[in-house]
Amino acid sequence: MDKTDDTMSGMRVGVRAATFGVGGEQRSAVMLTVVVSDGHFNVVDGGVAATVLLNPDEAAGIAEWLREAVRAADSAAPPMYGGD
């Protein structure tokens with residue numbers, strides 16, 4: 001599962017279900033990628049912070065992508081972090 005789209009505010013959001021080899025076993029995770037325009041992020045202690053403005057339809061669509069990615073990751077392998 002891999003979905004990416006531009007937002008009306010000019011940002012890009014991507015959601016992906018992925019598996020990784022960890023200690024000889026497959027583990028799953030959901031990856032969220034946000035690409036913001038230059039000047040739309042702030043350096044904070046330990047990293048950067050970005051705010052992406054979404055209209056309600058975009059937010060609902062990304063929420064559905066996340067749910068879809070969770071289902072795909074759950075069916076592919078145990079979670080990478082936490083649990084067995």
Side-chain angles (χ1 to χ4, degrees):
M1 183 275 162
D2 185 358
K3 302 214 176 170
T4 303
D5 203 358
D6 292 328
T7 67
M8 291 179 150
S9 63
M11 311 303 177
R12 177 172 291 257
V13 177
V15 176
R16 175 185 292 180
T19 59
F20 303 89
V22 177
E25 297 180 4
Q26 285 292 91
R27 297 294 183 164
S28 67
V30 173
M31 299 180 346
L32 174 64
T33 303
V34 179
V35 179
V36 298
S37 304
D38 207 17
H40 285 87
F41 60 90
N42 295 304
V43 177
V44 296
D45 187 30
V48 296
T51 300
V52 176
L53 299 174
L54 304 169
N55 76 25
D57 289 338
E58 289 174 322
I62 292 167
E64 182 53 40
W65 289 358
L66 287 165
R67 285 189 289 274
E68 184 180 338
V70 166
R71 290 188 296 269
D74 278 346
S75 68
M80 178 174 276
Y81 300 108
D84 289 323

Is there a path of hydrophobic side-chain contacts, each under 4.5 Å between heavy atoms of I, L, V, M, F, W or Y residues, that connects V35 with V48?
no

Where do W65 and V13 come nearest, in terms of heavy atoms and distance?
CZ3-O, 3.7 Å

Linking I/L/V/M/F/W/Y whenever any side-chain heavy atoms sit under 4.5 Å apart, do V15 and V36 land together?
yes

Does F20 share a hydrophobic cluster with Y81, counting links as ILVMFWY side-chain heavy atoms below 4.5 Å and allowing steps through other members?
yes

Please name the pair of heavy atoms, one in S37 and one in G10, separated by the smallest distance, quoted to 0.1 Å.
OG-O, 3.8 Å

Nearest atoms (heavy-atom pairs only) where T51 meets M11
O-CE, 4.4 Å

Of all the heavy-atom pairs spanning S9 and L53, show the shortest one and how long it is.
OG-O, 2.9 Å

Single-linkage hydrophobic cluster V30~V34, side-chain heavy atoms < 4.5 angstrom:
yes

Taking side chain as C-beta onward, heavy atoms only, is T7 less than 4.5 Å from N55?
no

Would you say the side-chain atoms of E58 pair up with the backbone N or O of M8, donor to acceptor, closer than 3.5 Å?
yes

Quick one: are R16 and T33 in side-chain contact, heavy atoms under 4.5 Å?
no

Considering only NZ, NE, NH1 and NH2 on the basic side and carboxylate oxygens on the acidic side, decide whether E64 and R67 come within less than 4.0 Å.
yes

Heavy-atom closest pair, residues A73 and A17:
N-CB, 3.9 Å

State whether the side chain of S28 and the backbone N or O of A76 hold a donor-acceptor pair below 3.5 Å, judged by distance alone.
no

So which atom in A72 and which in M1 form the shortest heavy-atom distance, rounded to 0.1 Å?
CB-CB, 4.0 Å

Are I62 and M31 connected, step by step, through hydrophobic side chains (Ile, Leu, Val, Met, Phe, Trp, Tyr) whose heavy atoms are closer than 4.5 Å?
no

